[in-house]
Amino acid sequence: MAAFDPLTAVTDAFTGLVFGKTETTRLPVRTSTGQAQAVYLPTAAPGLGDSGVIIGREVYSGKGYIYDPFQLYGQQLPAPHWLVLGESGNGKSALEKTYVLRQLRFRDRQVVVLDAQGEDGVGEWNLIAEQMGITPIRLDPMAALDGGIRLNPLDPAITTTGQLALLRTIIEVAMGHGLDERAGFALKVAHSYVNETVTGRQPVLTDIVEQLRHPEPESAEAMNVALEDVRAWGLDVALVLDRLVDGDLRGMFDGPTTVGIDLDAPLIVFDLSHIDRNSIAMPILMAIVGVWLEHTWIRPDRKKRIFLVEEAWHIINSPFVAQLFQRLLKFGRRLGLSFVAVVHHLSDVVDGAAAKEAAAILKMASTRTIYAQKADEARATGQVLGLPRWAVEIIPTLSPGIAVWDVNGNVQVVKHLVTEMERPLVFTDRAMTESASSRSPLEDTLADELDAETESRAAEMERLARADETVA
């Protein structure tokens, strides 16, 4: 026990008499939640609102994560387009499929899928299409010869200008360089003559090839050149188109468009799984499908359309196809089109032959979802997309089903949840190896909650849509 100090006691008594008590009482501090985030670091960032499609749950806050480009466009999103990145086996496919299924619960949604992957002779989306009573549009050179699906680049549903642009794109993709003025003139003359003279049926590529090989004298006289010159100018063009008529791609594009393709169905699946993904056939096919959809599918009818492309590097890696889709994105935005590009690695496109066009398309994608990648790939992705450092650091550590979402600068870590009803359609490979009891009780509970919330939200959105139509 400390000894009593009379001097200290007198000093304390005098100080207390003059200044009051020496002990101080801490006053309450009033602050905002924004300022308090510096004190309570785990505070989660705000979400995207409560209107749209349920994706899953935010990892750090546990809140439901809701996203819909059509609801966010014009407010939080400058463009409705979406880029999905990540290595295989981390959940990209499950996310795409559940997103489409949940969007299709709303009456004013329509989806086109370019399905470039498959197994057992059918595309990856075949099961979902079957469950919805829809027959995929399977483009297969071998099947086309036996009465399979055909898409005609000269279909009258495509404008004359669109037909000529499509023919140029096909030729430029196959040749690997742009058409010079003379070859372009020969193609334009042949196309114009075929459109003017072929009646009673759809013009087809064979007509163009024949006219390039045997141009009319009037074509040469119009430009005051020799007929042999016009024939020479169009020879390379004829050889390229002949591949679609009598080469390894014959059967798919050298006849009238197949009758019965339902462009009003809620889901349209182009099954490209029988096409060699590393051949020149894939970008040519992408060009034809892109223009064909632009002129026959996108219409000003107030429908919200989603165009989802698997293995999208086939588009972005070709300068001519990338330019075509870039125009489609700009045009489609005015008519309610959301473009979803699925890519394994960003380096597949930013280091490719169409780096300039790829940068333009990536800039249009205001939503970016990144699943697990290796550390070096994650750093390169973060640099190109401008991700915060903390997000780049956690990308290599992400578990399957968890991704970093960047919605116009709002960055969250989200766990995607799949309902019991969706599971057989989404995890088609796991159905053979896993039993229903392999899920934890917590996963069952979350899935049930998500399913109920999805149904409720769909009903509410349909009620609001009916109200809007009544007002209109």
Side-chain angles (χ1 to χ4, degrees), residues 112 137 139-141 143-145 147-175 178-179 183-216 218-219 230-231 233-263 268 270 272 275 280-299 320-321 323-325 327-328 331:
V112 162
I137 302 171
L139 293 170
D140 180 356
L145 296 176
I149 298 294
R150 281 191 176 94
L151 295 179
N152 184 12
L154 302 178
D155 192 315
I158 302 176
T159 64
T160 302
T161 303
Q163 291 176 12
L164 184 58
L166 177 53
L167 290 173
R168 287 186 65 102
T169 301
I170 293 171
I171 295 164
E172 289 171 341
V173 168
M175 297 176 68
L179 283 181
F185 170 75
L187 176 64
K188 184 177 77 170
V189 167
H191 176 252
S192 177
Y193 180 83
V194 167
N195 271 344
E196 291 175 0
T197 58
V198 175
T199 60
R201 63 174 176 85
Q202 288 188 12
V204 293
L205 288 179
T206 304
D207 299 323
I208 300 290
V209 173
E210 185 64 23
Q211 186 59 26
L212 286 168
R213 288 172 172 169
H214 306 287
E216 295 298 318
E218 293 83 358
S219 303
V230 177
R231 182 180 293 110
W233 296 348
L235 181 58
D236 288 344
V237 176
L239 291 174
V240 171
L241 292 180
D242 185 66
R243 183 177 180 183
L244 302 180
V245 173
D246 196 30
D248 54 339
L249 299 179
R250 68 188 184 280
M252 292 188 294
F253 313 112
D254 57 340
T257 298
T258 301
V259 177
I261 296 178
D262 184 8
L263 293 179
I268 305 168
F270 286 89
L272 315 180
I275 308 296
I280 194 64
M282 186 62 79
I284 289 176
L285 189 62
M286 291 287 188
I288 292 175
V289 171
V291 172
W292 194 73
L293 287 174
E294 177 185 351
H295 290 270
T296 60
W297 179 56
I298 301 177
R299 301 187 292 270
F320 305 107
V321 181
Q323 291 169 10
L324 187 156
F325 272 79
R327 186 184 78 245
L328 177 64
F331 174 76

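Count residues from 1 along the sequence.
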* Under 3.5 Å: donor-acceptor pair, side chain of Glu172, backbone of Leu179 -> yes
* **Listed once per pair and sorted, the salt bridge (charged side-chain N to carboxylate O under 4.0 Å, His left out) pairs that draw on residues 156-165, sequence neighbours left out** => none
* Residue list, side-chain hydrogen bond (donor to acceptor under 3.5 Å, both in side chains) with Asp207, at least two apart or on another chain -> Arg201
* Structure fact -> Hits for side chain to side chain contact (heavy atoms under 4.5 Å, CB included) against Glu210, two or more places apart or cross-chain, chain-then-number order -> His214
* Does a side-chain heavy-atom distance below 4.5 Å link Glu216 with Gln211? -> yes
* **Rounded distance (nearest 0.5 Å) linking atom CE of Met175 with atom CG of Leu239** => 9.0 Å
* Structure fact -> On a heavy-atom basis, the closest approach of Pro215 and Val230 is CB-CG1, 3.9 Å
* Please identify each residue that fulfils side-chain hydrogen bond (donor to acceptor under 3.5 Å, both in side chains) with Asp254, with sequence neighbours left out. => none
* To do: Output all residues satisfying side-chain hydrogen bond (donor to acceptor under 3.5 Å, both in side chains) with Arg231, sequence neighbours left out; order by chain, then residue number.
  => Glu228
* **Contacts of Pro156 that satisfy side chain to side chain contact (heavy atoms under 4.5 Å, CB included) - sequence neighbours left out** => Gln202
* Distance in Å, Thr169 OG1 paired with Leu164 CG, rounded so as to fall on 0.5 Å steps -> 9.5 Å
* Side-chain touch Asp236/Ile171, heavy atoms, less than 4.5 angstrom -> no
* Minimum heavy-atom distance Val240-Ala174, with the two atoms named -> CG1-CB, 3.5 Å
* Listed by chain and number, what are the side chain to side chain contact (heavy atoms under 4.5 Å, CB included) partners of Val189, not counting sequence neighbours? -> Phe185, Ser219
* Say you draw a straight line from OG1 of Thr160 to NE2 of His191; how long is it, rounded to the nearest 0.5 Å? -> 6.0 Å
* To do: Could you grab the distance from atom CG of Leu241 to atom CD1 of Ile208, nearest 0.5 Å is fine?
  => 7.5 Å
* Structure fact -> In terms of heavy-atom contacts, Phe325 and Gly290 come closest through CZ-CA, 4.0 Å
* Ile137: what forms a side chain to side chain contact (heavy atoms under 4.5 Å, CB included) with it, not counting sequence neighbours? -> Ile149, Ile261, Ile268, Phe270
* Closest approach of Ala238 and Arg213, non-hydrogen atoms and distance? -> CB-CG, 4.4 Å
* Structure fact -> Scanning both residues in full, the closest heavy-atom pair of Pro153 with Leu151 reads CD-O, 3.3 Å
* To do: Can you see which heavy atom on Val237 is nearest to which on Ala183, and at what distance?
  => CG2-CB, 4.0 Å
* Asked: Under the side-chain hydrogen bond (donor to acceptor under 3.5 Å, both in side chains) test, which residues partner Ser192, sequence neighbours left out?
  -> Glu196
* Would you indicate whether the side-chain heavy atoms of Asn195 and Pro203 approach each other to under 4.5 Å? => yes
* Do Leu167 and Leu154 come close enough that some side-chain heavy atom pair is under 4.5 Å? -> yes
